[in-house]
Each structure stands twice: as structure tokens, then as C-alpha cells.
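Have a look at the structure below before the remarks.
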2 protein chains.
Amino acid sequence: MTTQTTADLLRLHKLRPTRQRVALAALLFDGAPRHVTAETLHGQVKDMGITLSLATIYNTLHQFTKVGLLKEIKGIGDATWFDTNIDQHHHFFDITNDHLIDIPASSITISNLPDSPEGKVIEGIDVIVRLSDKHYSE
Amino acid sequence: MTTQTTADLLRLHKLRPTRQRVALAALLFDGAPRHVTAETLHGQVKDMGITLSLATIYNTLHQFTKVGLLKEIKGIGDATWFDTNIDQHHHFFDITNDHLIDIPASSITISNLPDSPEGKVIEGIDVIVRLSDKHYSE
DNA sequence: CAATTAATTTAAAACCATTCTAAACTACTT
DNA sequence: AAGTAGTTTAGAATGGTTTTAAATTAATTG
Ligand SMILES: [Mn+2]
Ligand SMILES: [Mn+2]
Ligand SMILES: [Zn+2]
Ligand SMILES: [Zn+2]
């Protein structure tokens, strides 16, 4: 029987299971894939009746990222996103409602890429497929 | 014989050839492909001995984008980039020096993309290939 | 279980890219 | 030359994020 799973997860990553971190981890790592920004996550914990500062949200998201529990995604919309899917993958980004949907890395093939400049190596490849509403004219 | 080419280019796009716009257009549309941010461009005009406000740089970059002389690229580094290459294309982004290099759209093939959600249509696909320095260990 | 120590949280200020405001200026028209 | 509409600008404002330093809390030790 597993007790205190969330606290254990945190301790496993050398993070003290504070009230704030336990609340955020419980929310983030409930099994469903999640894409959050500091602001969306702040709103979600507030809805659960928990109050914690935005600074702590930022601290915690960065700490979770550092220990490999989250992946940081920059360049989508105006804010930085954090992703519970830490596998290499890509995204649909629905620009009408700022919603992200995962695309498995295996769904995308990149061929004929030019050679990298001398002395440079590919660090990663980010693909964002922007979605908008289909409009039915005529 | 073509005279006043830069001013003509601006008039062609219904933009008054002001001192500021002429200086920026001359710098940007000299034939070489350019990737600039408001700050890098501001630095470049300053180096030419021309003083103009950052607000004007922003205004002008957006105006040039609106008339199709530039393309806006968000999500690379912390700032918004503007690109004189207005064709659909992708980028290498060298994270060690914030440098962008074009990748022609024809160099990238995307296959097996999942279906777009109901009622949504693909607006565009952005591919960023992050580059870092090759490190020679052992 | 104190008491001590070290990590964490927080409000508030600072930061930085960008946008806004509204007053001064300039290009174009008449 | 005058009028007017478009443009530039300094400076204020904005919004996401980071920093600061003081208060709080978790872990450790006796
Ligand atoms: Mn892990
Ligand atoms: Mn054009
Ligand atoms: Zn994802
Ligand atoms: Zn480009």
C-alpha cells in the first residue's frame, strides 16, 4: 500500500514536501497530461481553495523542471508553459483559446535538413502546429 | 534609371518616406537576408550615427510587417524577431549567440501528423532547430 | 520534545520587452 | 504659405517573470 505518494515523489527528488509543493504536485501529477502556465496553475490552485503566492508557483515550476518532473516550453503564446509530458514531443497550439495538444515525436519526420554550421550540434527540434477555427464561407 | 529606391519602396506600400523609415528600410532591405529584433536594429542604426526612438523602431517593424515587407517570428529567445525573408520557411536557432539561420520550407517534410481537432484548421507550422556548440570530450 | 539550522515562502520591488499616451513635429495637399 | 493628417517621441504603463530580504516552516540534533 502506497501512502503519502505525493510527498514521497517530492522527497525522491530531494524536495521538501511543503504544503505548497504537495498541493502543486498533487494537482500536476494526477496522471492526466497537463500544460500549464504560472497563471493558469495559480488559478487552478485558487479554485481548490488553496492560496499560495505567484512567486512560489514560479519557484516550484522551475524546481520541478530542474529535477525532471516537468518540461519547460517557451515560445508559445506570451507566457512560459510547463508540460507534464517530459518525453520529446511536439504540439498543436490552438490560437483561439491558447490550448496545447501533444503530438508524439514519432508523428513527425524531418528530412533533408541542411547541415548544421561547423562546430554546432542539434540540441533539439521544436515543432508547433498552429490551429485556428475553420470558417465556413459560401 | 532608378532614383530614390528606398523612398519609392515605402510609397509603394503607402508609407510616407520619413527620415526614420527610409533609414530603417535602407538598412533592412539591402538584399541580404536579415533577422532583427527591435533592440538589435536599434543598435545597428545607432552605429550608423542615426538616432531614433525605440517606439519608432517598434512602430516601423510592425508597419513593415503589415504591408508584407517583413515577417514576424515569435517564440525565439526572449524577444520578437523580424525577418526579411517573407517566404514560408523554418530556422536554426543558435542558442549560444542568439543567431538565426534560414531553413527552406522544402527542406522539411512532416508526415503522419494527427488529425486536427474537429472544426480546427492548420494555420501554419513552425519548426525551430536549436543549435549549441559541439563539445569535444575525450 | 525543545532548540537550532537550513530551506522555503512571501509581499513587494525590480526587471525587461513591449505598448500606450498625448504632445511635438513633419510630410503631403491645397 | 496654411491646413491637416500622419508620424515621431519621451515617458508612463503593462504584463510576465525574477529578485530581495524578511517571516515562516521543515528537518535535524540533543
Ligand atoms: Mn524524475
Ligand atoms: Mn510587398
Ligand atoms: Zn506537451
Ligand atoms: Zn528567416
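Every chain is numbered from 1, with letters handed out A, B, ... down the list of sequences.
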- Message: Closest-nucleotide mapping onto DNA chain C: is R19(B) or W81(B) further toward the 5' terminus? I mean the 5' end.
- Response: W81(B)
- dT18(C) phosphate, OP1 or OP2, under 4.0 Å from H62(B) side-chain N/O: no
- Task: Could you tell me whether the phosphate oxygens of dT7(D), OP1 or OP2, come under 4.0 Å of any side-chain nitrogen or oxygen in Q63(B)?
- Result: no
- Task: Tell me yes or no: between the side chains of D126(B) and H90(B), is some donor less than 3.5 Å from an acceptor?
- Result: no
- Query: Where the side chain of A55(B) is concerned, which of dT7(D), dT19(D), dG11(D) is the nearest nucleotide?
  - Reply: dG11(D)
- Side-chain contact check for L54(A): nearest option of dT17(D), dA26(D), dG6(D) is dT17(D)
- Task: Provide, to the nearest angstrom, the distance between the CD1 atom belonging to I57(B) and the P atom belonging to dC16(C).
- Result: 19 Å
- Message: Can you tell whether the side chains of R34(A) and D83(A) come within less than 4.0 Å, N to carboxylate O?
- Response: no
- Once you round it to whole Å, what is the distance between P of dG15(D) and CG of D78(B)? 19 Å
- Message: From CG of L52(A) over to P of dA23(D), roughly how many Å is that when rounded to an integer?
- Response: 21 Å
- Nearest-nucleotide pick for T60(B), side chain only, options being dT8(D), dA17(C), dT17(D): dT8(D)
- Message: Can you measure L10(A) atom CG to dA26(D) atom C1' for me and round it to whole angstrom units?
- Response: 13 Å
- Regarding the side chain of Q20(B), the nearest nucleotide among dT9(C), dT18(C), dT8(D) is dT8(D)
- Message: Please confirm whether the shortest side-chain N or O distance from T80(B) to OP1 or OP2 of dA17(C) is below 4.0 Å.
- Response: no
- Distance in angstrom units between I76(B) CD1 and dA17(C) P, rounded: 16 Å
- Of the nucleotides dA7(C), dT8(D), dT10(C), which has the atom closest to the R16(A) side chain? dA7(C)
- Message: Can you confirm whether H99(B) is buried at NE2, in the sense that more than 12 heavy atoms of other residues, nucleotides or ligands lie under 6.0 Å from that atom?
- Response: no
- Task: Could you tell me the separation between the NE2 atom of H42(A) and the C1' atom of dT17(D), rounded to a whole number of Å?
- Result: 14 Å
- Item | Distance flag, aromatic centroids of H62(B) and F82(B), threshold under 6.0 Å | yes
- Query: Below 4.0 angstrom from OP1 or OP2 of dT18(C), is there any side-chain N or O of Y58(B)?
  - Reply: yes
- Item | Proximal nucleotide (of dT9(C), dT8(D), dG11(D)) relative to the N59(B) side chain | dT8(D)
- Message: Tell me whether D87(B) at atom CG has more than 12 heavy atoms from other residues, nucleotides or ligands lying less than 6.0 Å away.
- Response: yes
- Task: For T56(A) and for T37(B), locate the closest nucleotide of DNA chain C by heavy-atom distance; then report the residue assigned to the nucleotide nearer the 5' terminus.
- Result: T56(A)
